[in-house]
Novice: 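Quick one: structure below, then a few questions.
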Number of protein chains: 2
Amino acid sequence: MGTARRPGAYVCGVDAAMDVIGGKWKVVILWALGEGTRRFGALRRELPGVTEKVLTGQLRELEADGIVHREEYREVPPRVEYSLTARGVALNEALAPLGAWGKANVLNPSPAAGEVREDDHVPLVAGPA
Amino acid sequence: MGTARRPGAYVCGVDAAMDVIGGKWKVVILWALGEGTRRFGALRRELPGVTEKVLTGQLRELEADGIVHREEYREVPPRVEYSLTARGVALNEALAPLGAWGKANVLNPSPAAGEVREDDHVPLVAGPA
DNA sequence: CTGTATCCCACACGATACTG
DNA sequence: CAGTATCGTGTGGGATACAG
């Protein structure tokens with residue numbers, strides 16, 4: 001088995017959530033989308049080194065989990081916009097404390113890591129649906 | 001590449017944290033340890049299906065990341081106790097909202113998922129060090 | 001522009017056996 | 001009891017090419 005424990009044998013809410021955000025690019029996508037709706041290409045440019053196939057895959061999974069909304073405008077050239085669903089927004093907010101922790105304990109492992117100021121990943125909330 | 005993006009190229013605090021809790025058993029270990037100090041064997045019994053090798057690996061990584069503390073009592077038979085460090089306790093607390101989200105949106109995807117009561121993984125805080 | 005279609009591979013995880 | 005030592009494996013992710 002790779003990593004996830006999909007079979008529904010979740011021990012607690014956290015590892016259930018981990019299954020949703022476990023992909024390599026998921027949280028970054030979440031973050032980007034948290035700042036507002038994004039087109040496929042824009043998203044790709046924001047993720048350093050992701051390929052189309054993988055980005056598509058991650059987005060499809062997030063969509064299947066009801067985290068992102070995919071709006072397809074059939075025109076030429078084609079245009080597709082991704083945004084967070086209400087559930088995605090909630091997830092993003094639930095991720096904020098973890099982001100603050102990571103910032104304080106991994107990015108800036110300051111000795112007396114106690115206070116965290118700055119923007120700790122509390123997006124502006126966006127996304128229709 | 002497997003999954004993590006260790007090279008230090010973190011985009012935000014969240015994916016930095018993901019690197020720490022990304023292992024298949026990490027969050028469950030965190031949870032168990034959040035309830036109190038555990039011996040190796042006890043931990044193994046709490047995780048359904050983990051092997052010694054893997055459990056050891058996960059614990060070693062958490063230890064290297066300063067999340068768990070390993071206390072070795074050299075006696076016969078040998079005894080080793082694992083507990084959360086202060087940083088580990090903080091991480092566990094930062095995980096609480098995510099646990100609540102997972103519970104409400106993955107475990108019990110109730111239609112009008114709005115309120116969450118019960119214990120949403122807010123451990124009793126344990127671990128010396 | 002937004003994707004499929006293939007092929008490929010590293011690496012986290014697992015099974016089993018053995019040891020201080 | 002609490003691990004190492006080996007060997008094997010599935011799969012998430014990457015490279016590249018092509019398509020509507």
Side-chain angles (χ1 to χ4, degrees), chain A residues 1-7 9-11 15 18-29 32-33 37-65 68-83, chain B residues 1-7 9-11 15 18-29 32-33 37-65 68-83:
Chain A
M1 208 182 302
T3 289
R5 187 168 29 230
R6 289 259 177 198
Y10 295 127
V11 179
D15 69 330
M18 287 299 299
D19 224 358
V20 172
I21 59 174
K24 182 172 181 181
W25 306 94
K26 299 269 182 80
V27 299
V28 189
I29 292 174
L33 254 30
T37 299
R38 292 280 189 279
R39 298 187 51 169
F40 184 85
L43 225 32
R44 183 151 72 101
R45 261 171 265 118
E46 286 190 57
L47 312 199
V50 74
T51 64
E52 298 95 336
K53 175 204 161 188
V54 172
L55 178 54
T56 302
Q58 302 275 300
L59 285 168
R60 289 285 190 280
E61 289 182 17
L62 287 172
E63 191 188 359
D65 285 328
V68 312
H69 171 71
R70 179 175 185 275
E71 191 67 43
E72 185 176 359
Y73 301 88
R74 288 186 154 276
E75 29 183 73
V76 291
R79 178 166 57 108
V80 178
E81 294 189 337
Y82 292 92
S83 55
Chain B
M1 207 182 301
T3 291
R5 186 166 34 226
R6 288 260 177 199
Y10 295 128
V11 180
D15 69 329
M18 287 299 298
D19 223 357
V20 173
I21 58 176
K24 183 173 180 179
W25 306 93
K26 298 272 182 79
V27 300
V28 190
I29 292 173
L33 254 29
T37 298
R38 291 282 189 279
R39 298 186 52 169
F40 184 84
L43 226 31
R44 183 151 73 102
R45 260 171 267 119
E46 287 191 57
L47 312 201
V50 74
T51 64
E52 299 95 335
K53 175 202 159 188
V54 171
L55 178 55
T56 302
Q58 302 274 301
L59 285 169
R60 289 285 191 279
E61 290 182 17
L62 287 173
E63 191 188 359
D65 286 328
V68 312
H69 171 71
R70 180 176 185 274
E71 192 67 43
E72 186 176 358
Y73 301 88
R74 287 185 155 276
E75 31 183 71
V76 290
R79 178 166 58 107
V80 178
E81 295 190 337
Y82 291 91
S83 55

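Chain naming here is simple, since letters A, B, ... match the order of the sequence lines and numbering starts at 1 in each.
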Novice: Given the rule in the side chain to side chain contact (heavy atoms under 4.5 Å, CB included) test, do B:Leu43 and B:Leu59 qualify, once you have shown the distances and angles that lead to the verdict?
Specialist: CA-CA 10 Å; B:Leu43 226 31; B:Leu59 285 169; 4.0 Å; yes
Novice: CZ of B:Arg38 versus P of D:dA2: gap in Å, rounded?
Specialist: 13 Å
Novice: Enumerate the protein-to-nucleotides 1-4 of chain C contacts in which both atoms are nitrogen or oxygen and the separation is below 3.5 Å.
Specialist:
| unit_1 | atom_1 | unit_2 | atom_2 | d |
| --- | --- | --- | --- | --- |
| C:dC1 | O3' | A:Arg39 | NH2 | 3.2 |
| C:dT2 | OP1 | A:Arg39 | NE | 3.2 |
| C:dT2 | OP1 | A:Arg39 | NH2 | 3.3 |
| C:dT2 | OP2 | A:Gly41 | N | 2.9 |
| C:dG3 | OP1 | A:Arg70 | NE | 3.4 |
| C:dG3 | OP1 | A:Arg70 | NH2 | 2.2 |
| C:dG3 | OP2 | A:Tyr82 | OH | 2.8 |
| C:dT4 | OP1 | A:Arg60 | NH2 | 2.6 |

Novice: Would you name the heavy atoms of A:Leu55 and A:Val50 that are closest together and state the gap between them?
Specialist: N-CG2, 3.8 Å
Novice: Nearest-Å distance, CG (B:Leu55) to C1' (C:dT16)?
Specialist: 17 Å
Novice: Roughly, in whole Å, what's the span from CZ in B:Arg74 to C1' in D:dG3?
Specialist: 12 Å
Novice: Round to a whole Å and report the spacing from NZ of B:Lys24 to P of D:dT11.
Specialist: 10 Å
Novice: When the distance from CD1 of B:Ile29 to P of C:dC13 is rounded to whole Å, what number comes out?
Specialist: 10 Å
Novice: Send over the distance from A:Ile21 CD1 to D:dG12 P, rounded to a whole Å.
Specialist: 16 Å
Novice: Give the minimum heavy-atom separation between B:Val27 and A:Met18, together with the two atoms involved.
Specialist: CG1-CG, 3.9 Å
Novice: Taking side-chain contact (heavy atoms from CB on, under 4.5 Å) as the definition, give me every residue that meets it alongside A:Glu81, ordered by chain and number, with sequence neighbours left out.
Specialist: A:Thr37, A:Arg39, A:Tyr73, A:Arg79
Novice: List for me each residue that meets side-chain hydrogen bond (donor to acceptor under 3.5 Å, both in side chains) alongside B:Glu52, sequence neighbours excluded, and say none if there are none.
Specialist: none
Novice: Using only side-chain N and O atoms of B:Gln58, determine if any of them is under 4.0 Å from OP1 or OP2 of C:dA12.
Specialist: no
Novice: Tell me the bend of the helix from C:dC1-D:dG20 to C:dG20-D:dC1 as the angle between end helix axes, each from five pairs, rounded to the nearest 10 degrees.
Specialist: 50°
Novice: By side-chain hydrogen bond (donor to acceptor under 3.5 Å, both in side chains), which residues pair with A:Glu46, not counting sequence neighbours?
Specialist: A:Arg38
Novice: Is B:Lys26 reaching over with its side chain to a backbone N or O of B:Leu62, donor-acceptor style, under 3.5 angstrom?
Specialist: no
Novice: Rounded to whole angstrom units, what separation is found between the CD atom of B:Glu46 and the C1' atom of D:dA2?
Specialist: 17 Å
Novice: When rounded to the nearest 0.5 angstrom, what distance separates CD1 in B:Ile29 from CG in A:Asp15?
Specialist: 12.0 Å
Novice: Take the protein atom CG of A:Asp19 and the nucleotide atom P of D:dT11, then report the distance between them rounded to whole Å.
Specialist: 13 Å
Novice: Not counting sequence neighbours, which residues clear side-chain contact (heavy atoms from CB on, under 4.5 Å) with A:Arg60? List them please.
Specialist: A:Thr56, A:Glu63, A:Arg70, A:Tyr82
